[in-house]
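Here the structure comes first, spelled out in structure tokens, and everything after it is commentary.
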There are 2 protein chains.
Amino acid sequence: MKAKLLSVLAEPNRLDIVELLRNGPQPVGEICNKLKLHQPQVSKHLNVLSKAGFVEVHPEAQQRIYNLRIEPFQEIDTWLNSYRKFWKDSFDRLDDYLIKLQEDEMKKKGKSHGKKK
Amino acid sequence: MKAKLLSVLAEPNRLDIVELLRNGPQPVGEICNKLKLHQPQVSKHLNVLSKAGFVEVHPEAQQRIYNLRIEPFQEIDTWLNSYRKFWKDSFDRLDDYLIKLQEDEMKKKGKSHGKKK
DNA sequence: TAAGCATATTTCTGTATAGGAATATATAAA
DNA sequence: TTTATATATTCCTATACAGAAATATGCTTA
């Protein structure tokens, strides 16, 4: 995972553009109108998004229709996966803690759900 | 989803710190050594991470042990969810396209898997 | 209380980049 | 071929922020 990929989405207007494009492909003008941004800025942001692989463009007459590409999101998803193990461990530890409380308090019945340690 | 959250991870050294903390809690000095960073910079990055909720600290004698918190990652995960629908639609459209090719080519058997349109 | 280690904070500087304004390019229509 | 529309590009400026160096704070032990 490169920080560069995240930095592209870390700019508020750029993130807005990406979120807008979730609804489907849009020409530049539409994006300007909906987000109340000036055209040159939108073009520049789209250029950055394009270089990072977040969007692709399809010319249509004088318009240029931009749409999202899934690959970078999948890359982020894959990266997040390496943290899911960490979450699970966290929950295991919480689980251990709750079970310990339970045992300390009443020492009567064993655990009812999975526990690793 | 706030761009602010992503911007915190978009800084390379900060991302490195986060990735390091996946392996477990670490005192500041350890982080400095392992990442070859100067202590004041690490403290400042940790401060940013802390304010954004990515880490929490537990003092231990003169040391301060930092560890990851799961909430911001869950937030990112939730945000990514809203793009999974988009992926699915993308795959559906690819599916449609492949099916259409297939039909155009041989017009014999119907589809064998889910199709929305 | 003094001394030592671990960490935090402050100040300064350089750099990257987002936005504004003007202009260039490309396609379509008259 | 001129004009209009849609988008891209260039140049400039201001701001945010990461790193360096120096210093401050806090905890521990003698």
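Source: prediction; values computed, not measured. A note on names: the letters A, B, ... follow the listed sequences, proteins ahead of strands, and every chain is numbered from 1.
When each of C:dG19, D:dA8, C:dA28 is scored by its nearest atom to the side-chain atoms of A:Q41, the top-ranked nucleotide is C:dG19. Distance from the side chain of B:Y66 is smallest to C:dA8 among D:dG19, C:dA8, C:dC5. Checking D:dT7, D:dA21, D:dT28 against every side-chain atom of B:P40, the shortest atom distance belongs to D:dA21. Among the nucleotides D:dG26, D:dA8, C:dT9, the one closest to the side chain of A:V28 is D:dA8. Nearest nucleotide to the side chain of A:K4, out of C:dT17, D:dG19, C:dC5: C:dT17.
The side chain of A:R64 contributes an N or O atom lying less than 4.0 Å from OP1 or OP2 of D:dA8.
Rounded to an integer number of Å, the gap from A:I31 CD1 to D:dT7 P is 9 Å. Note: NZ (A:K44) to P (D:dC12) measures 13 Å, nearest angstrom. Put simply, NE2 on B:H58 is 18 Å from C1' on C:dA6, counting in whole angstrom units.
Across all strands, A:Q63 comes closer than 4.0 Å only to sugar-phosphate atoms, never to a base (heavy-atom distances). Contacts of A:Q39 with the nucleic acid, taken as non-hydrogen atoms under 4.0 Å apart, include base atoms.
Residue-environment remark: NZ (B:K51) stays at or below the threshold of 12 foreign heavy atoms within 6.0 Å.
For the residue pair A:T78 and A:Q74, no side-chain donor N or O sits within less than 3.5 Å of a side-chain acceptor on the partner.
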